[in-house]
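Structure first, then comments.
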Amino acid sequence: MTFSLVLMGLTIHVLVWEKLPDWGTWFTKLVARLPAPLAYLYSAWHCPYCFGFWIALALQLLTGVYTLPELAALAETFGLAGTIMAMSLDALVTALLIMVGSLALKALALPAIKGFELTQTFKAGMSQAQSTQEQQHDNA
């Protein structure tokens with residue numbers, strides 16, 4: 001099993017649905033100007049599993065890499081029908097792994113964000129306490 005397609009697909013998913021919308025208004029404006037069918041695909045493919053399937057197919061065509069290289073034997077055995085079956089099955093597996101990866105990243109993000117917020121609150125409290133001590137020392 002190789003994770004190349006999974007990592008590429010997950011990276012593209014994170015970029016397009018979680019990062020680009022936060023990088024200013026240009027991306028949101030771009031999506032709003034898309035033709036209706038493309039705008040629908042953008043909203044429909046927000047699901048990491050749905051997106052994962054289609055991006056896996058596209059990446060397979062571009063790279064020739066399979067998540068399960070054993071499926072390539074189907075193409076040799078059954079010709080074109082085997083290639084279609086192999087690519088479809090591999091895309092389903094890749095999509096599942098992309099979805100699991102997306103869920104894992106979100107599960108890890110919550111404690112990380114909470115820890116960051118607590119650290120910032122602690123630092124702000126320490127800074128205020130230090131300022132108060134300096135003022136009391138200056139007044140004395």
Side-chain angles (χ1 to χ4, degrees):
M1 179 183 285
T2 61
F3 290 98
S4 301
L5 291 180
V6 176
L7 290 174
M8 286 187 283
L10 184 57
T11 300
I12 294 168
H13 185 270
V14 168
L15 176 68
V16 172
W17 276 275
E18 295 180 21
K19 298 301 176 191
L20 284 179
D22 294 336
W23 291 356
T25 59
W26 68 270
F27 185 74
T28 310
K29 289 177 184 176
L30 177 71
V31 171
R33 292 178 189 210
L34 289 174
L38 290 177
Y40 170 76
L41 285 179
Y42 179 76
S43 64
W45 285 1
H46 189 72
C47 162
Y49 187 78
C50 302
F51 170 79
F53 178 79
W54 294 108
I55 198 67
L57 285 176
L59 290 171
Q60 284 171 357
L61 289 170
L62 290 172
T63 65
V65 174
Y66 283 80
T67 299
L68 300 174
E70 298 83 6
L71 288 173
L74 284 175
E76 297 168 7
T77 307
F78 297 106
L80 180 60
T83 301
I84 293 170
M85 286 189 314
M87 289 182 74
S88 299
L89 290 172
D90 194 70
L92 288 170
V93 170
T94 304
L96 177 66
L97 293 173
I98 289 172
M99 182 183 74
V100 169
S102 177
L103 292 172
L105 286 175
K106 289 176 183 168
L108 291 172
L110 181 63
I113 291 169
K114 188 64 175 168
F116 177 77
E117 289 173 347
L118 289 172
T119 301
Q120 295 302 316
T121 303
F122 176 77
K123 286 180 179 180
M126 292 298 291
S127 178
Q128 277 184 331
Q130 190 176 22
S131 295
T132 303
Q133 286 178 349
E134 289 174 2
Q135 286 177 352
Q136 288 175 350
H137 180 53
D138 290 341
N139 290 340

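Here, residue 1 is the first one in the sequence, and each next residue gets the next number. Since this is a predicted model, take the numbers as computed values, not measurements. Reckoned from all heavy atoms, side chains included, excluding hydrogens, waters and symmetry mates.
- Side-chain atoms of Y66 and T2, non-hydrogen and from C-beta on, never get closer than 4.5 Å to each other.
- No single ILVMFWY cluster, assembled from side-chain heavy atoms under 4.5 Å apart, contains both L62 and L7.
- Contact check for L5 versus M8: side-chain heavy atoms found under the 4.5 Å cut-off.
- C50 approaches A44 most closely through the heavy-atom pair CB-O, 4.4 Å.
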Quick one: side chains of residues 68-79, donor-acceptor pairs under 3.5 Å with protein atoms, not counting sequence neighbours, listed by atom name and distance.
from	atom 1	to	atom 2	distance (Å)
T77	OG1	A73	O	2.9

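- For I55 against G9, the heavy-atom pair with the smallest separation is CG2-CA, 3.9 Å.
- Atom-to-atom distance recorded for L103:CG and I98:CD1 is 12.0 Å, nearest 0.5 angstrom.
- Residues satisfying the side-chain contact (heavy atoms from CB on, under 4.5 Å) criterion with L20, sequence neighbours excluded, are L15, W23, W26, F27.
- Sorted by first and then second residue, the pairs that involve residues 94-113 and meet side chain to side chain donor-acceptor pair (under 3.5 Å), not counting sequence neighbours, are T67-T94.
- Follow the hydrophobic side-chain contacts under 4.5 Å out from V14 and you never reach L110; the two are in separate clusters.
- Residues passing the side-chain contact (heavy atoms from CB on, under 4.5 Å) test with E117 are I113, K114, sequence neighbours excluded.
- The hydrophobic cluster containing L108 does not contain F3, counting ILVMFWY residues as joined when their side-chain heavy atoms lie under 4.5 angstrom apart, directly or transitively.
- Through direct or relayed side-chain contacts under 4.5 Å between Ile, Leu, Val, Met, Phe, Trp and Tyr, F122 connects to M126.
- With rounding to the nearest 0.5 angstrom, the CG atom of L97 is 10.0 Å from the CG atom of L10.
- Among residues two or more places apart in sequence or in another chain, the side-chain contact (heavy atoms from CB on, under 4.5 Å) test is passed with L57 by F53, W54, Q60, M87, A91.
- Considering only residues two or more places apart in sequence or on other chains, W17 meets the side-chain contact (heavy atoms from CB on, under 4.5 Å) condition with H13, Y42, W45, H46, F51.
- Counting Ile, Leu, Val, Met, Phe, Trp and Tyr side chains that sit under 4.5 Å apart, directly or through other members, I84 shares a hydrophobic cluster with L80.
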